[in-house]
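One structure is given here, and the rest of the page talks about it.
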Protein chains: 2
Amino acid sequence: MTSHSTARPAQRTAATGRGTRVRGTRQAEALSHVLADLPGFSSAQDIHAELRRRGERVGLTTVYRHLQVLSEDGAVDTLRDETGETLYRRCETSAHHHHVTCRSCGRSVEVEGRAVERWAERVATEAGFTDVDHTVEIFGLCPDCARERS
Amino acid sequence: MTSHSTARPAQRTAATGRGTRVRGTRQAEALSHVLADLPGFSSAQDIHAELRRRGERVGLTTVYRHLQVLSEDGAVDTLRDETGETLYRRCETSAHHHHVTCRSCGRSVEVEGRAVERWAERVATEAGFTDVDHTVEIFGLCPDCARERS
DNA sequence: ATCGGTATCGAAAACGGTTTTCAGTGGCTT
DNA sequence: AAGCCACTGAAAACCGTTTTCGATACCGAT
Ligand SMILES: [Mn+2]
Ligand SMILES: [Mn+2]
Ligand SMILES: [Zn+2]
Ligand SMILES: [Zn+2]
């Protein structure tokens, strides 16, 4: 994916004053650009490192704070890697979906499937559970990493 | 860890014909009993607390160590809750499976389903990924907790 | 421009689960 | 009895993340 997603619904900040968060500040803008460029899931610390590489001066605390808000707003997806570290990636759709993620480089593809949604709902109901929710993550080697490994 | 690459002769507990693995020590035995009694996923600290409640003197470090080994051996299942804490539960089958877990009390049911296995494999393959793996967790309210809540 | 109020920043400290360290203990074999 | 060595556990380290709190940036009002 190329950068510059432009056509973003835009957060009325400078426009209407009392704006929603994110955007508006130099730090939020810089973070937004990095997120638009990173192709896969990255840790907060990796994102912070990328900001510094670009010459942006943003505190790690600020990175964490923005990622948390973006995550709550559904603008970024999160997942935990095997070490327990939280990884972030810009979200491309507002619909419920899951990810196929490369365990080597973090690149990921958003996928959806009624099959797994139905299955989750069914087995939970059969077990007598209500208010059902689920987490599904698929990991593998992306084409590039698989090629590089052979 | 004390690896020592050489095969560990620590299998002598089995030599006494006592049964499955990890055993032999007072601590391992006590942990085994607690795991057998706990009906759902519990944190290492909860398990440690339960041991103390029963009057067993076992160090928290030892609890972590045994749980890690049991987990690697497939004798206990693990999952991470929303706070990132690792939860443990005795595993009842050696076959690949998933869990429907109560987000209120931790009680859980083991389930399996070819539908979700096939779906995961399919979407990953369609995305060009290889060496595919997946994690699936279903959460909800168990009958008891649902009743209690209304 | 100046002032004041408020949202945001960020370095440093705190937090909390987990792992590592390392001196001691105790079970087994000889 | 002696020795080997896996096992133990209190204390410290680890490390990602959150909290604290004084500093700074932003903005409207004067
Ligand atoms: Mn997404
Ligand atoms: Mn499965
Ligand atoms: Zn890759
Ligand atoms: Zn329950």
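So you know, we letter chains A, B, ... as the sequences are listed, proteins then strands, and number each from 1.
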Could you go through nucleotides 23-25 of chain D and list every protein N or O atom that sits under 3.5 Å from one of its N or O atoms, giving the distance for each pair?
none

Quiz item: Quick one: ring-ring contact (aromatic ring centres under 6.0 Å, His included) partners of B/His48, sequence neighbours excluded?
Solution: none
Quiz item: Quick one: are B/Val63 and B/Leu51 in side-chain contact, heavy atoms under 4.5 Å?
Solution: yes
Quiz item: Between D/dT18, C/dT18, D/dG9, which nucleotide gets closest to the side-chain atoms of B/Glu85?
Solution: C/dT18
Practice problem: Choose from D/dG9, C/dG10, C/dT18 the nucleotide whose nearest atom is closest to any side-chain atom of B/Thr62. | Solution: D/dG9
Quiz item: Looking at residues at least two apart in the chain, or sitting in another chain, which of them share a side chain to side chain donor-acceptor pair (under 3.5 Å) with B/Ser108?
Solution: B/Arg89
Practice problem: Choose from C/dC9, D/dG9, D/dT20 the nucleotide whose nearest atom is closest to any side-chain atom of B/Arg65. | Solution: D/dG9
Practice problem: Would you indicate which nucleotide in D/dT17, D/dG9, C/dG10 comes nearest to any side-chain atom of B/Thr61? | Solution: D/dG9
Quiz item: Contact class for B/Arg57 (heavy atom, under 4.0 Å): base, sugar-phosphate, or nothing?
Solution: sugar-phosphate
Quiz item: Mind checking whether A/His134 and B/His98 have ring centres under 6.0 Å apart?
Solution: no
Quiz item: Taking all non-hydrogen atoms of both residues, which atom of B/Cys91 and which atom of B/Gly74 are closest, and how far apart?
Solution: CB-O, 3.6 Å
Quiz item: What residues in residues 42-53 of chain A put a non-hydrogen atom under 4.0 Å from any atom of DNA chain C?
Solution: none
Quiz item: Within a strict 4.5 Å, meaning less than it, do heavy atoms of the A/Glu92 and A/Asp77 side chains meet?
Solution: no
Self-check item: Partner set under side chain to side chain donor-acceptor pair (under 3.5 Å) for A/Ser94, not counting sequence neighbours
Solution: none
Quiz item: Where do B/Leu67 and B/Ile47 come nearest, in terms of heavy atoms and distance?
Solution: CD1-CD1, 4.1 Å
Exercise. Measure from the side-chain heavy atoms of B/His66 and tell me the nearest of C/dT18, D/dG9, D/dT8.
Key: D/dT8
Quiz item: Is there a donor and acceptor pair, one atom on the side chain of A/Thr25 and one on the base of C/dA7, closer than 3.5 Å?
Solution: no
Exercise. Let me know the distance between CD of A/Gln27 and P of C/dA7, rounded to the nearest Å.
Key: 17 Å
List the atom pairs, donor and acceptor, that lie under 3.5 Å between side-chain atoms in residues 119-126 of chain A and the rest of the protein, sequence neighbours left out.
{"unit_1": "A/Arg122", "atom_1": "NH1", "unit_2": "A/Glu126", "atom_2": "OE2", "d": "3.3"}
{"unit_1": "A/Thr125", "atom_1": "OG1", "unit_2": "A/Glu121", "atom_2": "O", "d": "2.7"}

Quiz item: Which part of the nucleic acid does A/Thr86 contact within heavy-atom distance under 4.0 Å: base, sugar-phosphate only, or nothing?
Solution: sugar-phosphate
Exercise. Take atom CD of B/Gln68 and atom C1' of D/dC7, then tell me their distance rounded to the nearest Å.
Key: 15 Å
